[in-house]
Structures are given as structure tokens and as C-alpha cells.
Amino acid sequence: MRVLSFSGTPAAIGEAFGESCRDSIHDLYQRRLVNAIAQAREHGGRDVGEARVLAVAAACMDPTRVHHPDGFAELEGIARGAGMTTVEVLAMNGLTDIRDVLAWGGELEALGGCSAFLVQADATASGKLLAGQTWDLATDNMPHVVAVRREVDGGPTTWALTTVGCLSLIGLNEHGLAVGTTNLRTTDARPGVTYLSLIHKALASRDRASALAAIEQAPRAGAHFYWLAMASDFAGCDGRERAYALECTPDHVERLEIEQGAHVHTNHCQTPRHQAIEGNTPSTSSHTRFDRLSELIASDRGRANLGTAKAWLSDRAHGENAISRTDFAGISSNGSVVVEPSSRTIHVGHGPPHLLAERDWIDLRT
């Protein structure tokens, strides 16, 4: 896996990111554009082109700029460095939400996945909060997966898994906040702030209230599940580790604080209010992965650590509906992350985790 390191203002970081990955960013944009157009046709019966994709992205510009000016400055910098427009870069960053605006509905089987967990201290071997997930998306995106270290002027240093030209997807900041996401689909998708911008702002937070507000108070474009894991010394945590599960639609947030045991989320809504507006029937894959990950975590209760977490994410039970996926309906586990916020540990793997040896996992802080 490529590990990229940038420092400076958000704009300077963006320009360096765009320049260093220019060809790859252009290729990823084209692949994501094709994906969005195909999704609109297959699941919504709508024939759209690049102009319509960019029109939705353009409608997301002002909400994104207002919600997180620093994140927007980085997007503008990426565009300058890569020789693209900011609208194109925002469209590439916000594909999941934008394709839901273009056409909601259809089966989740052919869409990106992700299997996430939060395990509180009472269920781990170290007595420390543990979190992580797989990141499932189109198999042809895999060459564009990177890890990025950002030392931002006036802001916290962050470490994240993402793709070229994109903001943070799953990450940790120096103050002990970790954030990740899984995709959901509801029929109230609309132009607004897309998910990577929400995560990027949350990771720039220095305290619990700001981190939660970055997601909960945003004019969100699409539905997602977000997990937040906080070290005991993260400001506002009152000396104890905090874990939050936020199941979000554009119009509503269901917040659950995980005070003991574990919480698992895949790609179907768990909140009845959200289930009522799901844009499709939840897939067999999502429910199978949810059940299997819950089973694995329960079997390791009291023994969970970074190693067992990697084993959960590497599980191949149930074949094409496994947690670790290899080109199932064009979708693979492109990467995985396990994080222990209180020790400021973040390990990332590139590709389906069942194919990775321990040496293939990178400690992003070293």
C-alpha cells in the first residue's frame, strides 16, 4: 500500500495530493463516473450522463463549503494539483451519495458493502476500546487505495485510509478520535454534504461535542452509518472511552452510545424509522455479514485485541457473502482498518484481509 504524507495548510495539502497522484485521480474519476451512470440506469431506470452527475455534485458545493471550509479548501487544492475542476473532485469524493440522488432503489447485492464493529473495553483483552471495519467497493478501485498522513497547520494530525484525491474515509487523529462508515440507502437522498466531507471534519475535531456535531448537524446528502471511537483522554470524554453508533439519513440521526459489549453494523438500516424509507430490500450479503461478525465477536468476548479483530475481518464463512470479499458481483474488500484509540494505534490493510499476512498490515503511525 502506498502511504502518502503531507503537511501545511489544507489548500497546500490538497495541491500536493493532487499533483502526486494526478494520473491515478483522473483514472479513478472516470471509473466512479461510469459506476454512477450505471447505477442510475440499473436501479432507477434513468439514463443520465456526466453532465447530470456533475449537476448533482455542483448542488453539493455550497453546503460542503459552509459545513467545513478547511475540507473544501483541500478539495479545491486537489483539483488544482490534479488539473481538474472542484466539481469533478467533489463528485469523485461523494460517489455513494451522488449515485443515491441519481437513482435510489434496487438490490444492494451489486453495491459496495463494509462490515464495521465497536467493541467496548469490557469485552477486550487489553481493557481498551477497539473498533474497525472492512471497506468494500468496486474491485477496479483497488489500485487507487492509499493511506494518508496529514499534518495540518492549526489542526490535529490525522491518519486515514482513502483513495487518491479523496478526503478521509476511515481514520484516527492525534487526540484519540477514530471515525469510520458503512453505506446505507434511503429514499430521501438529496444534494448536500457528502460522507467523506463529514468524516474529514469529524477527524479535525478536538472534543467529543464537535466530533458528533460534524456529522449530526450537517445537511447530509445521503444515508450512512458512522462509528466514532474516542480515547479516554479525548476532550469531553470525562476520563472514559466513548463509542458512538450514528445511523443517519439526510433528515434524521439515531445516536446510540455503546457503553458495554459490542455493536456491529453492515449495510442495512437497524432503526425502524429508517427501515421505513430504505430504497431497496436489504441484501442477503448485509444480513449474513452482520450475523457472522456478531457471532465472531461474541466468541472472543474478553479476548478481543488487534489480532482477533483482523481475524474477524478476514473471515471467509458463507462464500460470496463473506465478511472478506473477493470480486463478488464486481465488489471486493478494498481495504480494512482496526484501531485502538487510547493507544493511538491504527493498522490498515490493502485488499481482501483474508489474503493479507500480518506483515501486510501497516501501522500508520510509524
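Of the possible donor and acceptor atoms, one in the side chain of Asp207 sits under 3.5 Å from a partner among the backbone N and O of Ser210. Panel note: side chain Glu216, backbone Cys248; no donor-acceptor pair is recorded below 3.5 Å. At distances below 3.5 Å, not a single donor-acceptor pair connects side-chain atoms of Arg149 with backbone N or O atoms of Phe6. Not one N or O on the side chain of Asp97 forms a donor-acceptor pair closer than 3.5 Å with the backbone of Asp100. A distance-only check finds a donor-acceptor pair linking the side chain of His26 to the backbone of Ala82 [under 3.5 Å]. Side-chain atoms of Glu241 come within 3.5 Å of backbone N or O of Leu129 as a donor-acceptor pair. Looking at Arg206, its side chain never comes within 3.5 Å of a backbone N or O of Ala235 through a donor-acceptor pair. With hydrogens and angles disregarded, a donor-acceptor distance shorter than 3.5 Å links the side chain of Asp360 to the backbone of Ala357. A donor-acceptor pair under 3.5 Å is formed between the side chain of Asn173 and the backbone N or O of Leu177. At least one donor-acceptor pair under 3.5 Å links the side chain of Glu278 to the backbone N or O of Cys269.
Donor-acceptor pairing under 3.5 Å is lacking for the side chains of Asp251 and Thr249. Asn141 and Arg31 share no side-chain donor-acceptor pair at under 3.5 Å. A donor-acceptor contact closer than 3.5 angstrom links the side chains of His274 and Glu247. A donor-acceptor contact closer than 3.5 angstrom links the side chains of Glu50 and Tyr29. Between the side chains of Thr266 and Ser286, at least one donor N or O lies within less than 3.5 Å of an accepting N or O. Between the side chains of Gln133 and Ser115, not a single donor N or O lies within less than 3.5 Å of an accepting N or O. Side-chain polar atoms of Ser285 and Arg289 form a donor-acceptor pair below 3.5 angstrom. Side-chain polar atoms of Glu174 and Thr158 form no donor-acceptor pair below 3.5 angstrom. Using a 3.5 Å distance cut-off with no hydrogens or angles, the side chains of His354 and Ser324 do pair a donor with an acceptor. Residues Asp136 and Ser333 have side chains that bring a donor and an acceptor to within less than 3.5 angstrom of each other. For the residue pair Thr288 / Asp291, no side-chain donor-acceptor distance below 3.5 Å is found, with atom types taken as modelled. Of the N and O atoms on the side chains of His144 and Asp27, at least one donor lies less than 3.5 Å from an acceptor on the other residue.
To the nearest 0.5 Å, the span separating CH2 on Trp135 from CE on Met142 amounts to 10.5 Å. Asn334 contributes atom CG, which lies 9.0 Å from atom SG of Cys114 (distance to the nearest 0.5 angstrom). To the nearest 0.5 Å, the span separating CG on Asp122 from CZ on Arg301 amounts to 4.5 Å. Here Glu358 contributes atom CD and Leu306 contributes atom CG; the two are 8.5 Å apart, rounded to the nearest 0.5 Å. Within the model, atoms OG1 of Thr271 and CZ of Arg255 stand 13.5 Å from one another, a figure rounded to the nearest 0.5 Å.
By the rule that hydrophobic residues join a cluster once side-chain heavy atoms approach within less than 4.5 Å of another member, Leu118 and Val253 end up as members of one cluster. Hydrophobic clustering (ILVMFWY, side-chain heavy atoms < 4.5 Å, transitive): Leu54 and Val101 are in one cluster.
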- [ ] Tell me, with the steps shown, if Asp233 and Arg344 meet salt bridge (Lys or Arg N to Asp or Glu O under 4.0 Å).
- [x] CA-CA 11 Å; Asp233 59 340; Arg344 308 302 196 267; 3.0 Å; yes
- [ ] Using the salt bridge (Lys or Arg N to Asp or Glu O under 4.0 Å) rule, take Asp70 and Lys201 through it: C-alpha gap first, then chi angles, then the decisive distance, then the call.
- [x] CA-CA 8 Å; Asp70 283 353; Lys201 181 174 182 178; over 6 Å; no
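The residues Glu320 and Arg325 are annotated as not salt-bridged, no charged nitrogen and carboxylate oxygen being separated by less than 4.0 angstrom.
Remark: of the listed residues Leu75, Ile199, Thr194, Leu75 is the sole one forming a side chain to side chain contact (heavy atoms under 4.5 Å, CB included) with Leu167. Checking each of Leu246, Leu203, Val193 against Leu198 for a side chain to side chain contact (heavy atoms under 4.5 Å, CB included) leaves exactly one that passes, namely Val193.
Residues passing the side-chain hydrogen bond (donor to acceptor under 3.5 Å, both in side chains) test with Glu74, sequence neighbours excluded: Arg150, His200.
Relative ring orientation between Tyr195 and His224 is described as parallel, the plane-to-plane angle staying below 30° on a 0-90° scale split at 30° and 60°. Ring geometry, Trp312 versus Phe117: the interplanar angle exceeds 60°, so the pair is classed perpendicular (tilted spans 30 to 60°).
Here salt bridge (Lys or Arg N to Asp or Glu O under 4.0 Å) pairs that include residues 52-68, with residues two or more places apart or in two chains, are Asp62-Arg65. For the side chain to side chain donor-acceptor pair (under 3.5 Å) condition, the pairs that include at least one residue of residues 3-20, sequence neighbours left out, are Glu15-Arg80.
Within 6.0 Å of the CD atom in Gln217, the count of heavy atoms belonging to other residues, nucleotides or ligands does not exceed 12.
Put simply, the side chain of Arg242 does not reach to within 4.5 Å of the side chain of Glu259, judged on heavy atoms.
Taking the ring centre of Phe234 as origin, the terminal cationic atom of Arg208 falls outside the region bounded by 6.0 Å and 45° from the ring axis.
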